[in-house]
Amino acid sequence: MKAAVIESVGRAVVTEVPDPTPGPRDVVVEVAACGICGTDLHILQGEFAPKLPIVPGHEFAGQVVGIGSRVTEVAVGDQVAVDPSLYCYECRFCRDGHNNMCERWAAIGVTTAGGAAQYAVAPVANCVKLPEHVHPQDAALIEPLSCAVRGYDILNSRLGAHVLIYGSGTMGLMMLELAKRTGAASVDMVDINPARLETAKLLGVSGAAAGADELDRPQGWEIVIDATGNAAAIQDGLGRVAKAGTYLQFGVADYATRVTIDPYRIYNQEITITGSMAVLHSYERAAELFANGVLNPDVFISDRIALENYPQALEQFAAGVGRKIVVTP
């Protein structure tokens, strides 16, 4: 079969690889679409995957075309979206319900072959059947949405909060859509990319600007979310949190990123600083939200690029052109 392969640091190619073979509790999915995200760039840069080469792609959906001998939950022909998370269920964090902190954490498309291919194999427990009205070509959005749902689980925000989001890429826009549905009084966005801010305006953001000073909220925001991983944005966002407010580090920064905090202000103003890592008990809820129309795929997916052009799709994503880019085998 044809697959994208990150062969070495900085090098991605499309080549022929062996067809996947399911284990007793696995299914084989014919991939309809696979999203590209920042994690794929980190893998390309040699930061995330434990070893290369690897077939990337942890955001994918498609049709079941093969099942293992002990699979009864799905059948050939079912349309499914795939939660890429692979946990050991044995370490102290898994036993404590914090599976995303698993000491043996792994993921389809990061530590094992993923969905940037014609076919992918996944445990049946990771497959969520899609209703008939949901197109698998759009359902690659469910995985990033499940990360956003996890972020809102962490926030546990009150009704009527004023929210500031840094970054109006795919993840920032998803956080915007969830903020609107969790009772935010207002949602403002900061981004230096005017085209992306226009999409935020289309989705009904309260205020959109290249810098928070333009938004006229000197008292700050009760919730500040960084969806960029950019040091300058993070530093600015930390200073915009209102008294008794919460800052969420949602964007993935590289390992070398450093910012400065003000411990006295954190103490004196009872500011909470927290993070959100990937998916935790949120994938099925995201699938239901998606099926109920929480996101408009025509707005969120800006580019559908053939698998043969995977390296070029990575380059476009790295350049910040478009919104969600999906590859289609």
Tell me the closest heavy-atom pair linking V187 and V205, and the distance in Å. O-CG2, 3.0 Å

When rounded to the nearest 0.5 angstrom, what is the spacing between SG in C91 and NE2 in H98? 11.5 Å

Test side chain to side chain contact (heavy atoms under 4.5 Å, CB included) on T112 and L86; report intermediate values, then the result. CA-CA 10 Å; T112 65; L86 300 173; 3.9 Å; yes

Hey, does the side chain of Y89 reach the backbone of N99 with a donor-acceptor pair shorter than 3.5 angstrom? no

L41 side, atom CG; D254 side, atom CG - distance, nearest 0.5 Å: 11.5 Å

Considering all heavy atoms, the nearest C88-C102 contact: N-SG, 3.4 Å

Check the side chains of Y87 and S85 for a donor-acceptor pair under 3.5 angstrom, ignoring hydrogens and angles. yes

Start with the C-alpha distance between F300 and L203, add both sets of side-chain angles, then the distance that settles side chain to side chain contact (heavy atoms under 4.5 Å, CB included), and finish with yes or no. CA-CA 10 Å; F300 274 81; L203 294 177; 4.0 Å; yes

Test item: L238 and I261 side chains (from C-beta on) under 4.5 Å apart, heavy atoms: yes

Give a yes or no on this: more than 12 heavy atoms of other residues, nucleotides or ligands lie within 6.0 Å of atom NE2 of H135. no

Hey, what do you get for CD1 (I165) to OG1 (T228), rounding to the nearest 0.5 Å? 12.0 Å

Can you check whether A179's main-chain N or O pairs, donor with acceptor, with T182's side chain at less than 3.5 Å? yes

Side-chain heavy-atom pair K2, T15 within 4.5 angstrom cut-off: no

Is it true that, when you exclude Y267 itself, more than 12 heavy atoms of the residues, nucleotides or ligands shown sit nearer than 6.0 Å to its OH? no

Would the number of heavy atoms belonging to other residues, nucleotides or ligands and lying under 6.0 Å from CD of E103 be above 12? yes

Using a distance-only test with no angle check, is there a side-chain donor-acceptor pair under 3.5 angstrom linking W221 and D188? yes

Return yes if some donor-acceptor pair links the side-chain N/O of E16 with the main-chain N/O of P18 below 3.5 Å, else return no. no

Just distance, no hydrogens or angles: give the donor-acceptor pairs under 3.5 Å from side chains in residues 21-39, sequence neighbours left out.
{"residue": "R25", "atom": "NH1", "partner": "R70", "partner atom": "O", "Å": "2.8"}
{"residue": "R25", "atom": "NH1", "partner": "E73", "partner atom": "OE1", "Å": "3.1"}
{"residue": "R25", "atom": "NH1", "partner": "E73", "partner atom": "OE2", "Å": "3.1"}
{"residue": "R25", "atom": "NH2", "partner": "E73", "partner atom": "OE2", "Å": "2.7"}
{"residue": "D26", "atom": "OD2", "partner": "G23", "partner atom": "N", "Å": "2.9"}

Which distance, rounded to the nearest 0.5 Å, do you find between the CE of M101 and the CG of D96? 12.0 Å

Residue list, ring pair (Phe, Tyr, Trp, His ring centres under 6.0 Å) with H42, at least two apart or on another chain: F48

For Q235 and T260, indicate whether the former's side chain and the latter's backbone hold a donor-acceptor pair under 3.5 Å. yes

Residues E222, R158: salt bridge by 4.0 Å N-O rule: no

Is it true that a side-chain atom of D303 and a backbone atom of I305 form a donor plus acceptor pair closer than 3.5 Å? no

Side chains of D78 and Q63: is there a donor and an acceptor less than 3.5 Å apart? no

Hey, could you give me the OG1/CZ distance between T170 and R323, rounded to the nearest 0.5 Å? 8.0 Å

Decide, yes or no, whether a salt bridge links K180 with E177 under the criterion of side-chain N to carboxylate O below 4.0 Å. yes

Just so I know, are the side chains of L314 and D40 near enough to count as touching, which here means a heavy-atom distance under 4.5 Å? yes

Has N126 got a side-chain atom pairing as donor or acceptor with D83's backbone, closer than 3.5 angstrom? yes

Single-linkage hydrophobic cluster, 4.5 Å side-chain cutoff, Y119 and F60 together: no

Could you tell me which non-hydrogen atom of V259 sits nearest to which non-hydrogen atom of A231, and how far apart they are? CG1-O, 3.7 Å

Is it true that R285 and D153 have a side-chain N and a carboxylate O under 4.0 angstrom from each other? yes

Report yes if some heavy atom in the side chain of R150 is under 4.5 Å from a heavy atom in the side chain of V279; otherwise report no. no

Test item: M175 and L248 side chains (from C-beta on) under 4.5 Å apart, heavy atoms: yes

Go through V17 and V5 one step at a time and tell me if the side chain to side chain contact (heavy atoms under 4.5 Å, CB included) criterion holds. CA-CA 9 Å; V17 301; V5 178; 4.0 Å; yes

Using modelled atom types and a 3.5 Å cut-off, is there a donor and acceptor pairing between side-chain atoms of R95 and backbone atoms of E90? yes

From F250 CZ over to D226 CG, what is the distance, rounded to the nearest 0.5 angstrom? 10.0 Å

Are L178 and I142 connected into the same hydrophobic cluster when the rule is that any two of I, L, V, M, F, W, Y join if their side-chain heavy atoms are below 4.5 Å apart? yes

Heavy-atom closest pair (W105 atom, M277 atom, distance to 0.1 Å) is NE1-CE, 4.2 Å

L176 side chain reached by M189 side chain, heavy atoms, under 4.5 Å: yes

Heavy atoms of other groups near I266 CD1, more than 12 under 6.0 Å: yes

Within the 4.5 Å heavy-atom criterion, are S186 and V163 side-chain neighbours or not? no

Side-chain heavy atoms under 4.5 angstrom apart, residues restricted to Ile, Leu, Val, Met, Phe, Trp, Tyr: same cluster for I325 and L141? no

State, without any angle test, whether Y166 and D236 hold a side-chain donor-acceptor pair at a distance under 3.5 Å. yes

Please determine whether a side-chain nitrogen of the Lys or Arg among D138 and R304 lies less than 4.0 Å from a carboxylate oxygen of the Asp or Glu. yes

Look only at the side chain of H162 and the backbone of I223, and say whether a donor-acceptor pair between them is shorter than 3.5 Å. no

So which atom in L197 and which in A210 form the shortest heavy-atom distance, rounded to 0.1 Å? CD1-N, 4.2 Å

Considering residues, nucleotides and ligands other than D216, do more than 12 of their heavy atoms fall under 6.0 Å from its CG? no

State yes or no: do L130 and I108 share one hydrophobic cluster built from I, L, V, M, F, W and Y residues joined by side-chain heavy-atom distances below 4.5 Å, directly or via other members? no

As a quick check of understanding, evaluate side chain to side chain contact (heavy atoms under 4.5 Å, CB included) for L173 and R196, giving each step before the final call. CA-CA 9 Å; L173 295 174; R196 288 185 169 179; over 6 Å; no

Donor-acceptor contact present, side-chain Y152 to main-chain S157, <3.5 Å: no

Under 4.5 Å between any side-chain heavy atoms of V9 and L44, yes or no? no

Main-chain N/O of V327 paired with Y310 side-chain donor or acceptor, under 3.5 Å: no

Count I, L, V, M, F, W, Y as connected when their side-chain heavy atoms are under 4.5 Å apart, and connections chain through other members. Are V134 and V149 then in the same cluster? yes

Closest approach of Q118 and P329, non-hydrogen atoms and distance? CA-CB, 3.9 Å

